[in-house]
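In the text below, chain A, chain B and the rest are named by the order of the sequence lines, each starting its count at 1.
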Protein chains: 2
Amino acid sequence: MPDKVTALDVAARAGVSRSAVSRVFTPGASVSKRTADKVRQAADALGYRPNVLARSLITGRSRIIGLVVAYLENHFYPEAIERLSRKLQEQGYHVLVFLSSNSGEEADEVMAELLDYQVDGIIAASVGMSNDLTQRCEAAGIPIVLFNRAQDDDRLSAVTSDNYHGGRKLAEFLLAGGHSRIAHIAGWEGASTQRDREAGFVAGLEAGGQHLATRGVSDFNFEKAKSVAREMFAGPENPDAVFCANDHMAFAVMDVLRFELGLSVPSDVSVVGYDDVTLAAWPSYDLTTVRQPAGQMADATVDILMDRLADPDTKPRRVALDGPLVLRGSAHIPKGWTS
Amino acid sequence: MPDKVTALDVAARAGVSRSAVSRVFTPGASVSKRTADKVRQAADALGYRPNVLARSLITGRSRIIGLVVAYLENHFYPEAIERLSRKLQEQGYHVLVFLSSNSGEEADEVMAELLDYQVDGIIAASVGMSNDLTQRCEAAGIPIVLFNRAQDDDRLSAVTSDNYHGGRKLAEFLLAGGHSRIAHIAGWEGASTQRDREAGFVAGLEAGGQHLATRGVSDFNFEKAKSVAREMFAGPENPDAVFCANDHMAFAVMDVLRFELGLSVPSDVSVVGYDDVTLAAWPSYDLTTVRQPAGQMADATVDILMDRLADPDTKPRRVALDGPLVLRGSAHIPKGWTS
DNA sequence: CGGATAAATGGATACCCATTCACAGCACAA
DNA sequence: TTGTGCTGTGAATGGGTATCCATTTATCCG
């Protein structure tokens, strides 16, 4: 029983040199069909497969992509990760997961560990990159793609949806719906997604002559969103529409409105979110929201990574994919409104 | 700008040998404080960190755990993975993700790739292990833990909840609630979780003198569960209670009952699930279910892995954690019923 | 306080496993 | 016979750790 079968064992059995074996498993190398057959047969018999780690050492490519993510509670991330991982797998890469808070301290330590594994590339989902780290990756030639977050740094690629525009669309939609006391529940204010969505939303409101009636912050957290909603609707004059910076918080808010405060959505209050996670389409929530095209975003992320891996001189790219406003039942739909 | 800084560079700068550098980064090695300081200082100045891959090659341990999972659509898995990954990270391990269908063909190919990365251990979540693969891992000394699935093989560790008992509890609960036409919507019948839950449930019914009124199969899939629910409630005499093999399908069924068929849950039909994912507690569904203690399950999984890694002679373990029946509003609660 | 012995520490080198590169051998055509 | 192209070989390489041995330092005893 061969505990560990190496290329040398295969070479011995096939009666060739170790190099010959290596070439058989290296696409594009020059080997005669006869040797290739001999080697393959021996490899099969012995159950040989090349050791990826040893290979990485010499080739300098590990075929590992580091994925840093803060939390999976928001269903948008699992959906995206599944797609991301599948696509990378098709290309012969695999994902090494690193969970990190988005506090700079821990994130940096985690990133450093990432580099220890000699990853070929990094996907940072919902996590920022410190300047120092970016510098080190740049120096080591490791491409970084920010997923669902952007950052003002030319060295970083970023894939997001067009958050500003999306926010704006929601504002226009709510204005057209005749709402006059429009509130916003923000996520974590350090996130570019948050800032862009809100900026677009506020700009849209102002273009229509309105302002934010109230505003709360709940860090993309479900329970916090509930508290914020409770406070927001404790006064004598309640908002008649709420834009939650993501679907996850919108669900929390809807739950509070309907089940704690006995309000009706959308008759009493319209609620809109952002992401269009699967759950948003389920009839219990039936949430009007802006779709983030998770599949396309994942595809773009992998494409950027692959391009930069193929040619290190490729410039970092920023992609902001447009996502449609998805009309559902959680908000009053103006007559004749289609997009 | 040092493109790649190696132990040799650090050694040169610190004026010691490469071995000394290595020892400084190997916990438990014998180094004087003076040398350690010199080396650390040089390492910091150069930004040196040991190359995990190179280290793995010689030590034979990669500190990588392969995680195989079929899909993340069921929220139970993201919740578990987050916990799993966090705990492994604390122990200095990291998770390499492999997505696989549970069809044997693809699963085997994916598993083979897994082994190419010299993983130290494998967690198979919602995926079975072929005999051949188990054999090879056994031979290579790689411990395997099945997560949320069990298999009749002494070489495999498995962590599940006590699915049989859980199913039985649900049956007793529904019987006590006075239901008389009790249906079951099964997940994928190849899954041990499915079989155990159903077996326990059926045993519970029979102990109370009843049988399954109807039964459908929907492979743990949301859309399929909806179709099955539609068919199940198309006849003249509908079930008055449905046990769905997991929460995910229960949500689908509740949506169909309430929003397509206009039935009331629980007045017209009681619905119960299995898992107690976060969403089950949200008031929109408020689902009565059996909790799978995801945190404890993840902890147990990591513990088994660590034990076997520390001592290869440790026997594979099977853990079936008991989970409580969580009473909520989706099913009629009999008077005075507490557990 | 000197000397013997044990313990701690540093260094040289082989090794982990596969790829790459320079080079040699061979067959075949010119 | 020489030139050409394809194949295969051996050795170097990548970054680090384990082992063994030599050296230094510490400890103890007479």
When you check every protein heavy atom under 4.0 Å of nucleotides 13-24 of chain D, what one-letter string (B, S, -) results, 5' to 3'?
BBBBBB------
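The side-chain contact (heavy atoms from CB on, under 4.5 Å) search around Gln151(B) returns Met129(B), Leu146(B), Leu156(B), not counting sequence neighbours. Residues forming a salt bridge (Lys or Arg N to Asp or Glu O under 4.0 Å) with Asp132(A) (at least two apart in sequence, or on another chain): none.
Computed from coordinates, the Lys33(A) NZ to dC6(D) P distance equals 18 Å when rounded to whole Å.
Ser32(A) comes within 4.0 angstrom of sugar-phosphate atoms only, judged by non-hydrogen atoms across all strands, and of no base.
Screening residues 19-52 of chain A for ring-ring contact (aromatic ring centres under 6.0 Å, His included), with sequence neighbours left out, gives Phe25(A)-Tyr48(A). A ring-ring contact (aromatic ring centres under 6.0 Å, His included) check over residues 95-138 of chain A, counting only residues at least two apart or in different chains, returns the pairs Phe98(A)-His94(B), Tyr117(A)-His94(B).
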Can you give me every donor-acceptor pair (side chain of residues 57-64 of chain A, partner residue at least two apart or in another chain, under 3.5 Å) with its distance?
{"unit_1": "Thr59(A)", "atom_1": "OG1", "unit_2": "Arg55(A)", "atom_2": "O", "d": "2.9"}
{"unit_1": "Thr59(A)", "atom_1": "OG1", "unit_2": "Arg61(A)", "atom_2": "N", "d": "3.3"}
{"unit_1": "Thr59(A)", "atom_1": "OG1", "unit_2": "Arg61(A)", "atom_2": "O", "d": "3.4"}
{"unit_1": "Arg61(A)", "atom_1": "NH2", "unit_2": "Leu309(A)", "atom_2": "O", "d": "3.1"}
{"unit_1": "Ser62(A)", "atom_1": "OG", "unit_2": "Ile64(A)", "atom_2": "N", "d": "3.3"}
{"unit_1": "Ser62(A)", "atom_1": "OG", "unit_2": "Gln118(A)", "atom_2": "O", "d": "2.7"}
{"unit_1": "Ser62(A)", "atom_1": "OG", "unit_2": "Asp120(A)", "atom_2": "OD1", "d": "3.4"}
{"unit_1": "Arg63(A)", "atom_1": "NE", "unit_2": "Gly92(A)", "atom_2": "O", "d": "3.0"}
{"unit_1": "Arg63(A)", "atom_1": "NH2", "unit_2": "Gln91(A)", "atom_2": "O", "d": "3.0"}

